[in-house]
Amino acid sequence: MSNSLKGNILVQLRRLVYCSFGVLGRIWYRLSPYPVVLCYHSINEDRWFHGVSLRVLELQLTWLRSFARPVTMDDIYKHITGKVPITTPAFAVNFDDGYSSILSAKPLLDKLNIKPTFFVLSDPSKASHAELDANYEFLTDSQIRSLIHSGWTLGSHSATHRDFWGLSEHDMKLEIHESKLALEKRFNVNVKYIAYPRGRYTDKVLEFVRAAGYLMALSMDDGIISKGQNPYTIPRTGINRTHSFSEFKSSFPPTAIYLRRFIKKVIGDVF
Ligand SMILES: [Zn+2]
């Protein structure tokens, strides 16, 4: 079976799973809400898997804003540490990889009063394009400064986007610790959060992240963000081009999270 046919079948399977339990999931979520972190990458009209168009982003976020409030990663941290629990529907927006195309979403995000966290590479000139699976333009330093100035939160997405599963301890230090120091020095901010490239980590990676002084680290795990949650494995819901609007609406309620977790255990990471 060709890869694209297999990919298409998996997308249809995912659509069936999400949409079959959509209404039940949304009722469940409204009865027992928790904060959700949505992970986007680029804003593009082309066919790149991890991108979404501006029109789709607007549709998704405008719908979310009709019943949920936007929160920041600082709010998520206060929630998991029990300082300020989030008890109503709430969502945070993340952008991984640091592509300049996310600038096109700024007017929309401003209008909806959403302050995203964007995770950039500290050494983009040495970025692993094989791991990124894309070759888009990165944000420039002055664009990053301007986003910070407008209230967006800067996070680390490592130094070069290498796969954290196969790193030596020397390289872990470079990708985790040195990226934090480099971004803090260059942009004069405290970098409190890191997003794992492709969401991948090991126990050793968690140790390095804690030792480097990050408050939280973002994965692509399926889970509900609650008080007492391990701050170094915060779950996120990845949104990409293959999600239809009905799927998006059903992608973060408990039904989708538990089903995705089950399917990943049985047939692997297909979503
Ligand atoms: Zn990435």
Side-chain angles (χ1 to χ4, degrees), residues 7 36-44 46-53 56-57 73 76 92-105 116-141 143-144 147-148 152-167 171-180 182-183 186-187 191-202 205-206 208-209 212 214 216-223 232-243 251 260 264 269-271:
V36 174
V37 182
L38 299 173
C39 176
Y40 292 93
H41 288 76
S42 70
I43 309 299
N44 294 95
D46 64 21
R47 301 302 306 155
W48 188 48
F49 180 83
H50 294 288
V52 296
S53 71
V56 166
L57 186 76
M73 297 316 290
I76 301 281
V93 170
N94 286 182
F95 289 107
D96 280 13
D97 296 355
Y99 297 125
S100 62
S101 62
I102 63 174
L103 292 173
S104 65
T117 295
F118 63 123
F119 295 92
V120 306
L121 305 178
S122 66
D123 201 352
S125 64
K126 293 193 186 135
S128 165
H129 288 283
E131 284 292 327
L132 283 164
D133 188 32
N135 203 5
Y136 296 121
E137 206 172 78
F138 292 114
L139 290 160
T140 65
D141 284 4
Q143 288 168 335
I144 291 174
L147 290 175
I148 294 169
W152 290 32
T153 303
L154 178 69
S156 167
H157 195 37
S158 80
T160 63
H161 209 282
R162 290 175 61 189
D163 183 351
F164 277 17
W165 278 3
L167 292 183
D171 288 340
M172 273 187 207
K173 193 165 186 313
L174 189 81
E175 298 287 339
I176 296 168
H177 199 172
E178 298 299 323
S179 68
K180 182 178 194 297
L183 292 171
R186 198 177 312 149
F187 299 108
V191 173
K192 297 179 276 189
Y193 311 119
I194 182 169
Y196 301 122
R198 296 168 64 191
R200 284 148 75 119
Y201 58 86
T202 62
V205 166
L206 301 190
F208 271 79
V209 168
Y214 289 102
M216 282 194 304
L218 291 306
S219 69
M220 294 306 293
D221 293 351
D222 294 301
Y232 301 113
T233 58
I234 300 289
R236 293 190 295 179
T237 301
I239 304 297
N240 63 53
R241 184 168 305 284
T242 66
H243 290 101
S251 62
R260 223 162 33 221
K264 276 184 191 171
D269 189 359
V270 294
F271 293 164

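Start at 1 and go down the list; that is how both ligands and their atoms are numbered. Computation of the quantities below employed the complete heavy-atom set of this structure, encompassing side-chain atoms and omitting hydrogens, waters and symmetry-equivalent molecules.
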Checklist line | Residues forming a side-chain hydrogen bond (donor to acceptor under 3.5 Å, both in side chains) with His41, sequence neighbours excluded | finding: none

Check: Considering residues at least two apart in sequence or located in another chain, which fulfil the side-chain hydrogen bond (donor to acceptor under 3.5 Å, both in side chains) criterion with Arg200?
Finding: Asp163

Next item on the list: Kindly write out the residues that satisfy ring-ring contact (aromatic ring centres under 6.0 Å, His included) with His177, not counting sequence neighbours, or none if the list is empty.
Entry: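 For His177, no residue satisfies ring-ring contact (aromatic ring centres under 6.0 Å, His included) once neighbours in sequence are set aside.
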
Notebook entry, point to check: With no hydrogens and no angle check, do the side chains of Asp46 and Tyr136 hold a donor and an acceptor under 3.5 Å apart?
Noted result: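 Yes - a donor-acceptor pair under 3.5 Å links their side chains.
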
Checklist line | Protein N, O or S atoms lying under 2.8 Å from the Zn ion (ligand 1), listed by chain and number | finding: Asp97 OD1, His157 NE2, His161 NE2

Item checked: Rounded distance [0.5 Å steps], CZ in Arg162 versus CD in Glu175 -> 6.0 Å

Check: Aromatic ring centroids of Phe138 and Tyr99 under 6.0 Å?
Finding: yes

